[in-house]
Amino acid sequence: MAEWVLHVDMDQFIAAVEVLRRPELAGLPVIVGGRGDPTERAVVSTASYEARAFGIGSGMPLKIAARKAPEGAVFLPVDHEAYEAASHEVMSTLRALPGVVLEVIGWDECFLGVSTDDPEAVAAAAQSAVLEATGLHCSVGIGDNKVRAKIATEFGKPRGMFRLTTANWFDVMGEKPTRDLWGVGPKVSKRLADHGVKTVRQLADADQDELVAEFGPRMGVWYRELGSGIGPAVVDDTPWVARSHSRETTFQQNLTTPEEVEAAVRDLAGSAFDDCAAEGRPVVRVHLKVRYAPFETKTFGRKLAQPTERREEAIAAAVALGAALDPEREVRLLGVRAEMSMPEGGDAVERTPVRGRI
């Protein structure tokens with residue numbers, strides 16, 4: 001029997017959980033984000049397919065979503081506990097399928113590793129089991145590695161399945177823009193285009209030395225291989241070892257003074273450090289994210305002179321980054337991420353560049 005990777009992705013997961021709790025919302029444009037108040041500063045966590053038809057998507061400011069939303073659209077607050085409970089039920093159901101290895105990669109998605117001559121049958125069994133146990137629908141990408149399985153899912157949505165392997169990779173993906181590859185965002189896509197690389201096939205045929213010069217020895221090789229759909233094929237259920245902890249907040253009123261910014265950075269850095277300390281691991285680097293008004297985002301990083309378990313040292317490093325911000329610009333969002341040293345023995349699983357997981 002052949003080895004297959006299945007990528008299971010819950011359809012409009014957060015919105016679907018809300019509709020499951022409130023059946024009267026079925027068929028309506030549902031937007032979940034923040035405290036459910038579109039007059040406040042927050043972003044869309046997810047939108048139902050009915051809302052997406054109006055151009056509303058994850059990460060969009062709620063105020064913009066409200067302008068796009070039709071009459072009768074429903075805005076709901078984020079309920080983390082409900083989504084975590086639903087996610088646990090989904091993953092427990094999939095883990096119980098016979099002969100599969102499950103690797104969780106998010107609330108609403110996971111990889112299944114299975115030996116079979118009929119991966120579509122396994123995909124159908126996964127969809128049926130999840131629907132019966134939770135009332136939720138999912139799509140399944142079938143691949144001969146994680147990259148292809150993940151990308152295949154998009155062709156199966158919603159509630160379907162699609163197979164993408166080395167046999168049909170270029171037929172399906174060859175003329176697609178590089179932006180359609182998992183792990184290639186708008187910035188990377190633009191940098192590739194500057195080198196004349198606009199399609200997936202062009203990326204596969206690109207000069208590796210040129211890509212290494214542009215992106216570095218690890219990512220340059222990774223992007224070129226991504227053009228051919230190359231990626232790891234082993235699904236591993238070893239728990240993910242967190243690399244960092246972060247805290248961020250969007251302010252309902254812009255911060256306008258350096259003093260306000262410093263106070264907010266101190267609070268966020270302290271909370272991020274406490275999360276690291278709870279794992280018993282020292283902080284080795286801090287990052288600061290700032291979103292200036294109206295909506296320009298920048299990030300900064302700073303490696304500490306040595307790993308520290310002292311709260312004030314980590315906070316001071318974050319404050320130093322904050323002191324370099326433009327004092328003339330108002331701030332609408334701040335975030336602090338604290339990177340930790342790896343535990344003894346490190347991470348037993350080889351992690352690759354895309355989202356650190358696949």
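Everything quoted here is computed from the prediction, not taken from an experiment. All residue numbers in this chain count up from 1 along the given sequence.
Residues Val197 and Glu210 are not in side-chain contact: their nearest non-hydrogen atoms beyond the backbone lie 4.5 Å or more apart. Proximity of Val8 to Val90: side-chain heavy atoms (C-beta onward) are nowhere separated by under 4.5 Å. The shortest side-chain heavy-atom distance between Glu154 and Trp182 does not fall under the 4.5 Å cut-off. With a 4.5 Å cut-off on side-chain heavy atoms, Val241 and Arg243 count as touching. Taking 4.5 Å as the limit, every side-chain heavy atom of His195 sits out of range of all side-chain heavy atoms of Asp207. Counting heavy atoms from C-beta outward, Val284 and Lys303 have side chains that stay 4.5 Å or more apart. Looking only at side-chain heavy atoms (C-beta outward), Arg266 and Val319 come within less than 4.5 Å of each other. Side-chain atoms of Met173 and Leu203, non-hydrogen and from C-beta on, never get closer than 4.5 Å to each other.
Here the rule is side chain to side chain donor-acceptor pair (under 3.5 Å) with Arg41, and of Asn254, Thr250, Thr249 only Asn254 fits it. Screening Leu97, Leu102, Leu112 against Leu6 for a side-chain contact (heavy atoms from CB on, under 4.5 Å) leaves a single residue, Leu112.
In the hydrophobic clustering of ILVMFWY residues, with side-chain heavy atoms under 4.5 Å counting as a link, Leu226 and Val212 come out apart. Both Val78 and Val74 are assigned to one and the same hydrophobic cluster, defined by single-linkage of ILVMFWY side chains at heavy-atom distances under 4.5 Å. There is no path of hydrophobic side-chain contacts, each under 4.5 Å, that joins Val44 to Val32. Linking ILVMFWY residues whenever their side-chain heavy atoms come closer than 4.5 Å, directly or via other members, places Met219 and Val147 in the same cluster. Both Phe155 and Val184 sit in one connected hydrophobic cluster of ILVMFWY residues. Membership requires side-chain heavy atoms under 4.5 Å apart, directly or through other members.
Atom CD of Glu262 is separated from atom CG of Leu255 by 12.5 Å, given to the nearest 0.5 angstrom. Here CD of Glu40 is found 12.5 Å from CZ of Phe75. Values are rounded to the nearest 0.5 Å. Annotation: the span from Asp144 atom CG to Thr166 atom OG1 amounts to 6.0 Å, rounded to 0.5 Å. Note that NE2 of His287 is 7.5 Å distant from OG of Ser244, once rounded to the nearest 0.5 Å.
Looking only at distances, no side-chain donor or acceptor of Thr199 sits under 3.5 Å from a matching main-chain atom of Lys176. Side-chain atoms of Ser228 do not come within 3.5 Å of backbone N or O of Ile230 as any donor-acceptor pair. Checking side-chain atoms of Asp11 against main-chain N and O of Arg159 turns up a donor-acceptor pair under 3.5 Å. A side-chain donor-acceptor contact under 3.5 Å links Asn145 to the backbone of Arg148. Distance alone, capped at 3.5 Å, places no donor-acceptor pair between the Asp267 side chain and the Ala264 backbone. Formation of a donor-acceptor pair under 3.5 Å by the Ser48 side chain with backbone atoms of Gly27 is not found in this model. Glu103 places no side-chain N or O within 3.5 Å of a backbone atom of Val235 that could act as its donor or acceptor partner. With Arg311 contributing its side chain and Glu309 its backbone, the two residues share no donor-acceptor pair below 3.5 Å. One N or O on the side chain of Gln202 and one on the backbone of Lys198 form a donor-acceptor pair closer than 3.5 Å. Distance alone, capped at 3.5 Å, places no donor-acceptor pair between the Glu330 side chain and the Thr256 backbone.
Ring geometry, Tyr83 versus Phe13: the interplanar angle exceeds 60°, so the pair is classed perpendicular (tilted spans 30 to 60°). A perpendicular orientation is assigned to the rings of Tyr223 and Phe215, their planes being inclined by more than 60° (bins at 30° and 60°).
The minimum heavy-atom distance linking Val100 with Leu94 is given by the pair CG2-O, 3.5 Å. Nearest heavy atoms, Leu268 versus Val336: CB-CG2, 3.9 Å. Of all the heavy atoms in Gly156 and Ser139, the pair that sits closest is O-OG, 3.8 Å. Of all heavy-atom pairs spanning His245 and Glu279, the tightest one is NE2-OE2, 2.5 Å. Between Ala15 and Ala47, the shortest heavy-atom contact is CB-C, 4.3 Å. The minimum heavy-atom distance between Val30 and Ala51, with the atom names listed, is O-CB, 3.8 Å.
Applying the 6.0 Å contact sphere to NZ of Lys298 captures no more than 12 heavy atoms from other residues, nucleotides or ligands. By the 6.0 Å contact criterion, CD on Gln253 is open, its count of non-hydrogen atoms from other residues, nucleotides or ligands being 12 or less. Within a 6.0 Å radius of CD in Gln252, more than 12 heavy atoms belonging to other residues, nucleotides or ligands are found. Atom CD of Glu296 has more than 12 neighbouring heavy atoms from other residues, nucleotides or ligands inside a 6.0 Å radius. Shown here is Arg329, whose CZ atom has more than 12 heavy atoms of other residues, nucleotides or ligands within 6.0 Å.
A donor atom on one side chain and an acceptor atom on the other are found under 3.5 Å apart for Asp37 and Thr39.
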**OP:** Run the numbers on Arg247 and Asp275 for salt bridge (Lys or Arg N to Asp or Glu O under 4.0 Å), then give the verdict.
**Re:** CA-CA 9 Å; Arg247 295 294 186 98; Asp275 292 338; 3.0 Å; yes
Subject >> Check against side-chain contact (heavy atoms from CB on, under 4.5 Å), Lys157 and Phe162 >> reply: CA-CA 9 Å; Lys157 283 184 170 291; Phe162 189 85; over 6 Å; no
Subject >> Intermediate values then yes/no, side-chain contact (heavy atoms from CB on, under 4.5 Å), Met161 and Glu120 >> reply: CA-CA 8 Å; Met161 65 183 73; Glu120 279 78 12; 3.7 Å; yes
**OP:** Using the side-chain contact (heavy atoms from CB on, under 4.5 Å) rule, take Ile151 and Asp180 through it: C-alpha gap first, then chi angles, then the decisive distance, then the call.
**Re:** CA-CA 8 Å; Ile151 295 173; Asp180 286 2; over 6 Å; no
**OP:** Run the numbers on Arg21 and Asp79 for side-chain contact (heavy atoms from CB on, under 4.5 Å), then give the verdict.
**Re:** CA-CA 12 Å; Arg21 298 199 294 177; Asp79 186 343; 3.0 Å; yes
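For the ring pair (Phe, Tyr, Trp, His ring centres under 6.0 Å) test, no residue two or more places apart in sequence or in another chain qualifies with Trp169.
A salt bridge does not link Arg281 with Glu339: every distance from a Lys NZ or Arg NE/NH1/NH2 to an Asp or Glu carboxylate oxygen is 4.0 Å or more. Between Arg201 and Asp205 there is no salt bridge, since no side-chain N of the basic residue sits under 4.0 Å from a carboxylate O of the acidic one.
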